[in-house]
Amino acid sequence: MILDSLLPAAASSYAADIDTLFDVITLLVGIPFLISCYLFFAFILRFKAKEGHKAMYITGTEHKYMKWIHRAHIPILTFDLVIVVMAVQVWYDVKQDLPEMESEVRVIAQQWAWTFVHPGADNVQGTADDITKINELHVSIDKLYHFKLESRDVLHNFSVPVFRLKQDAVPGRVITGWFEPVIAGEFDIQCAEICGIGHGLMPARIHISSASEHAAWVQRESAAALAQTHSPFTGVGTGPANVKPELQLVTR
Amino acid sequence: MTLFGKFIGNTMIRVLPLVAALAIGGFAIQASAEDGEADLERGEELYSLCVKCHKADGGGDSAVLAPAIAGMPSWYVEKQLQNFKSGIRGLHAKDTGGLRMYPMSKWLRTEADQEAVAAYVANMPATQPERELEEHGDAAKGAGYYAVCGACHGASGEGNEGMGAPPLIGQSDWYLKSSIEKYKAAIRGSGKGDPFGAAMIGMVATLPDDNAILDVIAHIQSLEK
Ligand SMILES: [Cu+2]
């Protein structure tokens, strides 16, 4: 498509829809833009000041002049309508409709890191075999995920360019969204909302692997997570109960 | 129609080398200042990155969870900067402070920069951080617990490079408490390849409860006088 060479890979089920919308908008806005630029400069050159030729004063209220404005208006308004209708459709699919999930990840933003909580081998969140990773999100291709996005301090934005997904994280709220990866690979995750001095330094990576590779990863990591709960040093887990008020957030 | 994309793409390709050349030129100028051992001037320049949290006097700021670092020995500061940068320290989901310091350590791109800022920090006069904890322990009881700690941190809390143990005197009380709690919960010291942190996890197990933590802090504070 038109913008392919400018955009990163399209790795989610809805990325192609959004790219199509990009193309439609580029065409519907770009062509009139080029035409108006052409006319603008062509008229400036064509009607530049000439020796002995007096300028004519036009108020532009007569029908024979107005019709050129009306004629341009009609396609522009039609294009706008097309864009609005298509955009609302895509918006509904990506942000408002919530298809049935196959797995759920928790995404927790804070100054300046991402914590991703993956379900363990049981595929259930909130159990002892959950896999907690910092700045690493591991997902399987062709699996529909819900994400639960939280912020521990200020506004952040969970942005996965290859998914064409952006979602603000708002402190105090848990925001649900979804994605379905369609190609394997390792891609960037960014924070897309200025969140303080380290904003530019909170990059993370998404690892999309085949179903079997992902399953193997989950097996290995959830076994490790279970082992860790019984830390040989202390017998103290790393559950939230251990976090004292001093460790919790105070922000400016 | 891909022509349009290609056109913009090509323009970028033409402009990028220029940008890169400018950037490399900038780095070259910076690099020339990195010669020589622990460059204090460079250290001062770099410390401007730390001021936002550790404050101009290096006294720290509890509101952003940044501890006092002024006057800490350079070997310890350097080691911690390396630990943060390599993700040995700070990269734990519950380590709020550590996750803030972790990206900051990436600002120091070279070992020479780590060394320079560590030397500058070590050179700053130590601050006397205010007492911020509301609860206070019993220093006399704390002395009992501290017998263990003294083996590494020194009888008067002055630290011991041979043991890799930092000084504890002159440190903010809230930070001592949060550090001990983090070791207890294996939030700090559990990173891969952190034998010193792992040792501390073992050591704080000798403090049975919250009161013991406050007691040992009270004892450390009594060493400062
Ligand atoms: Cu952020």
Side-chain angles (χ1 to χ4, degrees), chain A residues 1-7 22-23 26-27 30-31 34 106 108-117 130-136 152-153 191 195-204 228-252, chain B residues 1-10 12 49-50 52-53 61-65 87 90-107 132-133 173-190 197-205 210 213:
Chain A
M1 281 183 279
I2 312 177
L3 301 170
D4 273 359
S5 52
L6 294 176
L7 294 173
F22 279 171
D23 282 350
T26 308
L27 285 174
I31 292 172
L34 291 177
R106 280 179 71 202
I108 303 149
Q110 74 191 80
Q111 291 174 317
W112 293 281
W114 297 98
T115 302
F116 299 103
V117 184
D130 285 356
I131 306 160
T132 303
K133 290 276 165 192
I134 292 171
N135 294 340
E136 275 178 43
R152 293 187 60 203
D153 38 40
C191 179
C195 58
I197 195 172
H199 167 68
L201 293 164
M202 59 182 288
Q228 241 195 2
T229 328
H230 313 286
S231 161
F233 287 118
T234 56
V236 183
T238 49
N242 291 312
V243 183
K244 297 288 153 61
E246 281 76 19
L247 311 186
Q248 258 145 26
L249 281 163
V250 204
T251 40
R252 253 187 201 161
Chain B
M1 260 307 163
T2 38
L3 266 181
F4 174 63
K6 287 240 172 68
F7 167 71
I8 295 194
N10 286 341
M12 301 255 286
L49 298 169
C50 325
K52 178 112 196 310
C53 302
D61 181 357
S62 59
V64 296
L65 305 175
L91 267 194
H92 188 289
K94 300 218 162 71
D95 194 349
T96 307
L99 286 175
R100 289 187 187 169
M101 184 53 210
Y102 162 72
M104 300 304 128
S105 64
K106 294 188 171 176
W107 269 334
E132 293 184 44
L133 289 181
D173 53 0
W174 64 266
Y175 176 74
L176 290 173
K177 181 159 177 278
S178 82
S179 297
I180 293 170
E181 285 170 350
K182 282 202 269 190
Y183 284 125
K184 264 189 167 297
I187 290 172
R188 179 174 167 189
S190 54
M200 263 311 294
I201 291 180
M203 293 308 133
V204 291
D210 287 358
I213 297 176

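Note that the coordinates shown come from a computational prediction; the quantities given were computed from them, not determined experimentally. Convention: sequence-line order gives letters A, B, ...; per-chain numbering from 1.
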> How long is the span from the CG atom in B:Leu91 to the CG atom in A:Asn135, to the nearest 0.5 Å?
Replying inline: 6.5 Å
>> If I take atom OG1 from residue A:Thr115 and atom NE2 from residue B:His92, how far apart are they, to the nearest 0.5 angstrom?
In response: 9.5 Å
> Can you tell me how far CG of B:Leu65 sits from CD of A:Gln111, rounded to the nearest 0.5 angstrom?
Replying inline: 10.0 Å
>> On a heavy-atom basis, which atom in B:Ala93 and which in A:Ile134 lie closest, and how many Å separate them?
In response: N-CD1, 3.1 Å
> What residue in B:Pro103, B:Cys53, B:Gly87, B:Ser190 has the most heavy-atom pairs under 4.5 Å with chain A?
Replying inline: B:Pro103
> Relative to chain B, which segment of A:Ile197 carries a heavy atom at a distance below 4.5 Å: side chain, backbone, both, or neither?
Replying inline: both
> Looking at residues at least two apart in the chain, or sitting in another chain, which of them share a side-chain hydrogen bond (donor to acceptor under 3.5 Å, both in side chains) with B:Asp173?
Replying inline: none
> Which answer fits B:Tyr175, side chain, backbone, both or neither, if we ask what part of it has an atom under 4.5 Å from a heavy atom of chain A?
Replying inline: neither
